[in-house]
Amino acid sequence: MDDPTKDLLTKVVSAIESKAFLESVFVNDVFDDWHLAKKFAEFLVKIQPDEIFGHALAMRAYRHLDDKVSAREELKECQNLIFQVKAESSEANLFKSVIISETQKLRDMGD
């Protein structure tokens with residue numbers, strides 16, 4: 001019997017093990033399978049809707065998949081979440097640069 005969650009997590013773990021996933025996605029803004037990143041992000045948002053990581057991953061994946069509407073919605077969610085954590089927390093600092101970068105890239109893409 002197929003278990004979609006298990007299949008998704010198996011693929012993600014494989015990608016994480018074979019590459020520096022976080023560095024690739026958030027620092028270098030490159031990944032071999034943005035559809036997989038999107039599915040993983042949607043899974044994370046579903047199970048942890050108040051955590052910024054899933055939203056930031058979704059924002060980046062949606063942009064790479066040319067879904068500007070969803071990318072902008074996730075950008076707004078990231079901005080809201082960043083204000084809910086302490087401004088100088090390590091989590092906030094980690095994602096501030098990602099949010100700034102995505103804001104500019106989405107602006108450059110236009111409507």
Side-chain angles (χ1 to χ4, degrees):
M1 187 161 101
D2 286 338
D3 181 351
T5 301
K6 181 180 177 184
D7 293 343
L8 171 64
L9 292 176
T10 300
K11 289 177 184 177
V12 169
V13 168
S14 176
I16 290 170
E17 289 176 345
S18 65
K19 298 177 181 70
F21 178 76
L22 295 176
E23 181 179 356
S24 179
V25 169
F26 289 117
V27 177
N28 300 327
D29 195 19
V30 294
F31 192 61
D32 293 338
D33 189 347
W34 286 107
H35 289 282
L36 175 62
K38 179 187 85 135
K39 287 179 183 179
F40 182 49
E42 289 169 344
F43 172 76
L44 291 174
V45 167
K46 182 178 178 180
I47 64 170
Q48 295 181 314
D50 296 330
E51 296 292 327
I52 195 169
F53 180 82
H55 293 284
L57 180 58
M59 170 182 61
R60 189 145 281 183
Y62 286 136
R63 177 179 54 81
H64 277 278
L65 296 171
D66 205 32
D67 183 349
K68 294 178 275 192
V69 171
S70 296
R72 287 186 178 109
E73 288 172 0
E74 290 298 339
L75 173 62
K76 288 178 187 174
E77 187 62 30
C78 287
Q79 291 168 332
N80 290 335
L81 288 169
I82 215 77
F83 289 116
Q84 293 176 13
V85 297
K86 292 181 181 176
E88 296 305 317
S89 73
S90 58
E91 182 182 29
N93 288 330
L94 176 68
F95 287 104
K96 281 180 184 176
S97 62
V98 172
I99 291 169
I100 291 167
S101 172
E102 286 303 304
T103 301
Q104 185 60 48
K105 288 175 182 178
L106 286 167
R107 187 176 298 131
D108 292 346
M109 289 177 76
D111 292 328

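Since the structure is predicted, the reported quantities are computational estimates derived from the model, not experimental observations. Values reported hereafter were calculated over all heavy atoms of this structure, with side chains retained and with hydrogens, waters and symmetry mates removed.
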Original post:
What is the minimum heavy-atom distance between Val25 and Arg60, and which atoms define it?
Top reply: O-NH1, 2.9 Å

**OP:** Flag the pair Phe43 / Leu57 as yes when at least one side-chain heavy-atom distance between them is below 4.5 Å, and no otherwise.
**Re:** no

Original post:
Once you round to the nearest 0.5 Å, how far does CE of Met59 lie from CD1 of Ile52?
Top reply: 7.0 Å

**OP:** Please round to the nearest 0.5 Å and tell me the distance separating atom CG of Asp67 and atom CD of Glu74.
**Re:** 10.0 Å

Original post:
Which atoms form the tightest heavy-atom contact between Ala58 and Ala41, and what is the distance?
Top reply: N-CB, 3.3 Å

Original post:
Under the 3.5 angstrom rule, does the side chain of Arg63 hit a backbone N or O of Leu106 as a donor-acceptor pair?
Top reply: no

Subject >> Minimal non-hydrogen separation, Leu65 against Lys38, with atom names >> reply: CD1-CD, 3.7 Å

Subject >> Closest approach of Gly110 to Lys68 (non-hydrogen atoms, all atoms of both residues) >> reply: O-CD, 3.7 Å

Original post:
Using 4.0 Å as the upper bound for N to carboxylate O, is an ion pair formed by Asp29 and Lys105?
Top reply: yes

Original post:
Got a second to check how far Ile82's CD1 is from Ile99's CD1, nearest 0.5 Å?
Top reply: 4.0 Å

Original post:
Side chains of Gln79 and Thr103: closer than 4.5 Å at any heavy-atom pair?
Top reply: yes

Original post:
Can you get from Leu75 to Val69 by hopping between Ile, Leu, Val, Met, Phe, Trp and Tyr side chains that sit under 4.5 Å apart?
Top reply: no

Subject >> Non-hydrogen atoms of Ala61 and Trp34 that approach each other most closely >> reply: CA-CE3, 3.6 Å

**OP:** To the nearest 0.5 Å, tell me how far Lys46 NZ sits from Glu42 CD.
**Re:** 10.5 Å

Original post:
Nearest 0.5 Å, what's the CG-CG distance between Asn80 and Asp50?
Top reply: 11.5 Å

